Amino acid sequence: QVQLVESGGGLVQAGGSLRLSCAASGRTFSYYTMAWFRQAPGKEREFVAASTWSGGSTYYADSVKGRFTLSRDNAKNTVYLPMNSLKPDDTAVYYCAAQARIGGISTMRNPEVYNYWGQGTQVTVSS
């Protein structure tokens with residue numbers, strides 16, 4: 001089992017910044033691909049970013065590319081998502097997800113392949 005706990009959400013004005021964190025426990029963190037998804041009211045869960053378990057590659061949704069930067073610290077079992085130039089369209093509940101040893105962008109973008117999820121953290125961007 002892997003337990004994931006997100007933190008760092010909040011209310012920010014458009015153009016502002018937040019940094020989300022996801023702390024993992026339970027298994028060898030470095031074996032897990034880590035990802036962020038988000039879900040706005042009335043919408044499906046949407047891929048945001050992912051870091052492969054090998055640490056070799058990071059992928060982003062086009063809507064956040066250049067504004068969000070995913071990083072992972074395997075020594076601290078934590079993955080981070082600094083978010084800059086936030087827009088009202090970024091408003092959603094953000095979820096951290098983990099799955100062992102998956103790769104390939106088409107796989108990592110699919111929320112159904114992840115067995116482990118955090119409880120979510122609300123991000124609200126006001127205009």
Side-chain angles (χ1 to χ4, degrees):
Q1 289 291 331
V2 174
Q3 293 80 42
L4 303 173
V5 179
E6 302 101 331
S7 61
L11 173 64
V12 65
Q13 289 187 334
S17 300
L18 287 172
R19 189 180 80 156
L20 304 184
S21 299
C22 173
S25 61
R27 289 289 178 91
T28 305
F29 182 73
S30 60
Y31 291 168
Y32 284 77
T33 287
M34 302 298 298
W36 288 95
F37 288 80
R38 66 187 182 186
Q39 189 165 19
K43 295 188 177 181
E44 294 186 351
R45 193 162 293 191
E46 174 188 30
F47 171 78
V48 175
S51 169
T52 57
W53 66 274
S54 64
S57 299
T58 305
Y59 301 96
Y60 299 94
D62 288 343
S63 58
V64 307
K65 201 172 294 183
R67 301 187 297 121
F68 295 8
T69 305
L70 187 152
S71 63
R72 62 189 296 163
D73 186 336
N74 287 344
K76 295 183 177 179
N77 288 2
T78 302
V79 62
Y80 304 98
L81 188 70
M83 306 183 295
N84 298 315
S85 302
L86 283 162
K87 306 174 182 179
D89 284 348
D90 295 318
T91 296
V93 177
Y94 283 69
Y95 296 92
C96 178
Q99 184 57 36
R101 300 184 178 183
I102 59 171
I105 182 57
S106 60
T107 298
M108 291 191 293
R109 293 174 63 94
N110 182 1
E112 295 183 3
V113 307
Y114 293 87
N115 284 332
Y116 303 104
W117 293 86
Q119 80 288 353
T121 185
Q122 177 70 48
V123 172
T124 303
V125 184
S126 62
S127 57

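The shown structure was predicted, so the numbers you read here are calculated from the model rather than taken from an experiment.
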Taking all heavy atoms of [X] and all of [Y], pick out the closest pair and write down the distance.
X    : Y   : answer
L70  : S51 : CD2-CB, 3.2 Å
T121 : S7  : OG1-C, 4.4 Å
E46  : S63 : OE2-OG, 4.1 Å
A98  : M34 : CB-SD, 3.6 Å
Q122 : T91 : NE2-CG2, 4.1 Å
T52  : R72 : O-NH1, 3.1 Å

Co-membership, hydrophobic cluster, residues [X] and [Y], 4.5 Å side-chain:
X    : Y   : answer
Y116 : W36 : yes
V79  : L81 : yes
F37  : Y59 : yes
V93  : L4  : no

For A50, side chain to side chain contact (heavy atoms under 4.5 Å, CB included) partners two or more places apart: A35, F47, M108, Y114

Residues which pass side chain to side chain contact (heavy atoms under 4.5 Å, CB included) with V113, listed by chain and number, not counting sequence neighbours: I102, T107, N110

With the side chain counted from C-beta on, respond yes when [X] and [Y] share a heavy-atom pair under 4.5 Å apart, and no when they do not.
X   : Y   : result
M83 : R67 : no
Y80 : T69 : no
Y95 : R45 : yes
F68 : L86 : yes

May I have the list of side-chain donor-acceptor pairs in residues 13-21 shorter than 3.5 Å, sequence neighbours left out?
{"residue": "S17", "atom": "OG", "partner": "N84", "partner atom": "OD1", "Å": "2.9"}

For K76, salt bridge (charged side-chain N to carboxylate O under 4.0 Å, His left out) partners two or more places apart: none

Trace of the salt bridge (charged side-chain N to carboxylate O under 4.0 Å, His left out) decision for K87 with D90: CA-CA 5 Å; K87 306 174 182 179; D90 295 318; over 6 Å; no

Side-chain donor/acceptor of Q119 to backbone N/O of E6, under 3.5 Å: yes

Residues in side chain to side chain donor-acceptor pair (under 3.5 Å) contact with S71, at least two apart in sequence or another chain: none

Pairs where residues 99-120 contributes a residue and the test salt bridge (charged side-chain N to carboxylate O under 4.0 Å, His left out) is met, not counting sequence neighbours: none

